[in-house]
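Some notes on the structure that comes next.
These values consider heavy atoms only, across backbone and side chains, with no hydrogens, waters or symmetry-generated copies. In what follows, chains carry the letters A, B, and so on, assigned in the order in which the sequence lines appear, proteins first and then strands, with residues in each chain numbered from 1.
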Number of protein chains: 2
Amino acid sequence: MKRVPRISETEWEVMRAVWAGHPATSAEIVARLAADDPTWHPKTARTLLARLVEKGALASEADGRAFRYRPLFAEAECVAAASDSFLDRVFGGALKPMLAHFVEHQDLSPAEIKELEELLARRKRRR
Amino acid sequence: MKRVPRISETEWEVMRAVWAGHPATSAEIVARLAADDPTWHPKTARTLLARLVEKGALASEADGRAFRYRPLFAEAECVAAASDSFLDRVFGGALKPMLAHFVEHQDLSPAEIKELEELLARRKRRR
DNA sequence: CAGTCAGGACTACAAGTGTAGGTCACATGT
DNA sequence: ACATGTGACCTACACTTGTAGTCCTGACTG
């Protein structure tokens, strides 16, 4: 399995727009990005799409006048890679303090807490 | 409260070395970094220290021949800032999927699981 | 005192990032 | 067929990051 390329902050937004439904033309992707944040400039988005293709994160196939883009890595793979790097960088690799931080400092609804408890319980049973 | 400056990947290592005990001279910091990873070049470490001072992440006070460095932000503040940005970038701000990801994909000892369950329970009681 | 070494100040430099602008060709409306 | 607009392709450019090297000076060592 090829290594996930390094994806920068802004590129992540683009990747998420692609994962949201693919293959997608640049126009579609630009529209999704703008929907989320109107300050997105189409030129910027297209530049990033091109860079992501160069990096091997996306594939593009010509479709008449336009291109359609498709991710070359599943979101889950990229998430895992980014998570590892974050965990390492910020928490020195210590998982529990990290989870504790989020549980302590962010908002979780009671329903979400319940779900997490169930996840932990299942986790435990699985050894 | 001033905004936490943006701290890059490598700079995080330096910051953690400073948080590990301060004020600390550059020699001490260089030593801590090298202890963790012998490939650290002293020059590189000093450059990063200077950059962090420029960025306003560290303060330096002359102490005879050398400088002593001191963090201008608590580790917790920086951790919180980095965590927010990570959560946003990679999970689009969705906390629960993020926690679920880590619980699912990383190693947790039974003891750690227990601690997290307690945290969640306390969390719930606190409303 | 002369050589040596450590540390700060400045410099270097390529790759990666954020943020577009300009050009050119094809598709489309009139 | 002509004017327009849109997308691909190339170009730009300043800033950040990683990774040091050079130079100078004061301190320490014989």
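- Between Ser26(A) and Arg46(A), the side chains place a donor N or O and an acceptor N or O closer than 3.5 Å (distance only, hydrogens not considered).
- A close approach under 4.0 Å does not occur between any side-chain nitrogen or oxygen of Thr25(B) and OP1 or OP2 of dG7(C).
- His22(A) places no side-chain N or O within 3.5 Å of a backbone atom of Ala24(A) that could act as its donor or acceptor partner.
- Taking each heavy atom of Phe86(A) and Ala82(B) in turn, the nearest pair found is CE1-O, 3.8 Å.
- Classification of Arg3(A) and Glu77(A) as a salt-bridged pair fails, no side-chain N sitting under 4.0 Å from a carboxylate O.
- Rounding to the nearest 0.5 Å places CG of Asp36(A) at 7.0 Å from CZ of Arg16(A).
- Taking the six-membered ring for Trp and thresholds of 30 and 60 degrees, Tyr69(B) and Phe67(B) have ring planes more than 60 degrees apart, a perpendicular arrangement.
- Summarising the geometry, the separation between CG on Leu49(A) and P on dG18(C) is reported as 14 Å, rounded to the nearest angstrom.
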Q: Could you give me the CA-CA distance, side-chain angles and deciding distance for Glu11(B) and Lys55(B), then say whether salt bridge (Lys or Arg N to Asp or Glu O under 4.0 Å) is met?
A: CA-CA 11 Å; Glu11(B) 286 166 354; Lys55(B) 289 190 179 188; 2.7 Å; yes

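- Look at CD on Glu13(A): it is 11 Å from C1' on dG18(C), rounded to the nearest Å.
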Q.
I'd like to compare against my own output: the B/S/- annotation of nucleotides 12-22 of chain D with a strict under-4.0 Å heavy-atom distance to protein.
A. -----BBBBSB

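- In this structure, Asp63(B) places its CG atom 13 Å from P of dG7(C), rounding to the nearest Å.
- Remark: C1' of dA6(C) and CZ of Phe67(B) are 14 Å apart, rounded to the nearest angstrom.
- Contacts of Ala50(A) with the nucleic acid, taken as non-hydrogen atoms under 4.0 Å apart, are absent.
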Measure all distances between protein nitrogen or oxygen atoms and nitrogen or oxygen atoms of nucleotides 25-29 of chain D, and list the pairs falling under 3.5 Å.
none

Q: Could you walk me through whether Lys124(A) and Glu117(B) pass the side chain to side chain contact (heavy atoms under 4.5 Å, CB included) test, one step at a time?
A: CA-CA 11 Å; Lys124(A) 206 160 30 173; Glu117(B) 285 177 332; 3.0 Å; yes

